[in-house]
Amino acid sequence: MKKRVFSGIQPTGNIHIGNYIGATRHWAADQDIYDNIFCIVDLHAITIQQDPKQIKSKIREVTGLLLAAGIDPQKSIVFVQSHVHEHSELAWILNCFIPMGWMGRMTQYKEKSSKQKEQVSVGLFDYPALMAADILLYDTDVVPVGEDQKQHVELTRDAALRFNNIYGDIFTVPEPRIAEIGARIMGLDDPTKKMSKSEEAPNHAIALLDPPDVIQKKIMRATTDSETTVVFDEKRPGIYNLLTIYKTFTGEKDKDIEAKFAGKGYGDFKKALAEVVIEGLRPLQERYQKITGEAGYIDKVLAEGAAKAHPLAQKTLAKVQKAVGLG
Ligand code: AQP
């Protein structure tokens, strides 16, 4: 029996190389090892107000990008969260078991709510309970995510253990899986902040669909420091982040990269990095154009994905309802 993988991505903003390096390329690369479920988490997206028309088109865009990154709908279930209503139902039940204190400690909530001030929704506070429901509905063993989502997977584990402790062996207790390299790609404009979809500064992130000239411009303008040597030094976050991106796209070793750029400056390195990223994304961008050019294909993939996910989710929810005395 293969282990079950579940992971999700929000249909918000422009999917960037951080999402790709930290998450989706691993989802695609490990498809044969696991039994995979990938979810476009639109219910999570609305924890921050969205334009309704935008959400619909972003769902298709994200799905197209997942398929273009190599996710094969014959090997992996790909579906939209709100198409399987059990996600919301289990989230409500979990709400009644997860202590407020656990939620209040979540770093993502603290960061996002501090930006929104009094506009912050109960849904944003509750984001981790919905994420726990997503994961626990599918008897998930492994959750491959970027570093920023590790805390939420740990809360999911705690919620599963707490529930199982009261009602017996209902949930599989999942493990987070964080990539060794590139689990936290930083913003190009500010390498002390995580590269993020919701950050609006024009030079912050490289989107997967950015054209070559835009990628080149963003990299050439990336914030570095006043040093000159191109070496992996975590105390120099700008160049360290760019080198990490270089390393994930080329697969080369630190010492080989450093040797290649010995005696050269940041300008030469940035030019080489731009080339590597442009060429690295080119096949993905070409596949995306092909996939999205086929009328009705993405909707078909999503409809088939929901049809496969639904019975699995139904089964777990029925077990949970019975355990707590509902239904
Ligand atoms: N900078 C990053 N480096 C590595 N991995 C990252 N991920 C996100 N940012 C980075 C991982 O990508 C997956 C999908 O992300 P998401 O859309 O579910 O949510 P997010 O983490 O909230 O992404 P963003 O880009 O920061 O969007 P906003 O600004 O809307 O919050 C996850 O596995 C995530 O860890």
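The residues of the chain are indexed from 1 along the displayed sequence. Counting convention: from 1, in listed order, for ligands and their atoms alike.
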Checklist entry - Is Arg282 paired with Glu286 through a side-chain N to carboxylate O contact shorter than 4.0 Å? => result no
Checklist entry - Hey, are Lys218 and Asp189 close enough for a salt bridge, meaning a charged N less than 4.0 Å from a carboxylate O? => result no
Checklist entry - Does a salt bridge link Asp32 with Lys2, judged by any charged N lying under 4.0 Å from a carboxylate O? => result no
Checklist outcome for this item: Less than 4.0 Å from some atom of ligand 1, heavy atoms are found in residues Gly8, Ile9, Gln10, Thr12, His16, Gly18, Asn19, Gly22, Ala23, Gln108, Lys112, Val145, Gly146, Asp148, Gln149, Gly182, Ala183, Arg184, Ile185, Lys194, Met195, Ser196, Lys197, Ser198
Next on the checklist: One thing to verify: whether Arg157 and Glu154 come together as a salt bridge, which I'm taking to mean a side-chain N less than 4.0 angstrom from a carboxylate O.
Outcome noted: no
Item to check | Side chain Thr172, main chain Asp141, donor-acceptor under 3.5 Å | outcome: no
Next on the checklist: Suppose we screen for side chain to side chain contact (heavy atoms under 4.5 Å, CB included). Which residues come up paired with Arg184, at least two apart in sequence or across chains?
Outcome noted: Glu147, Asp148, Met186, Lys194
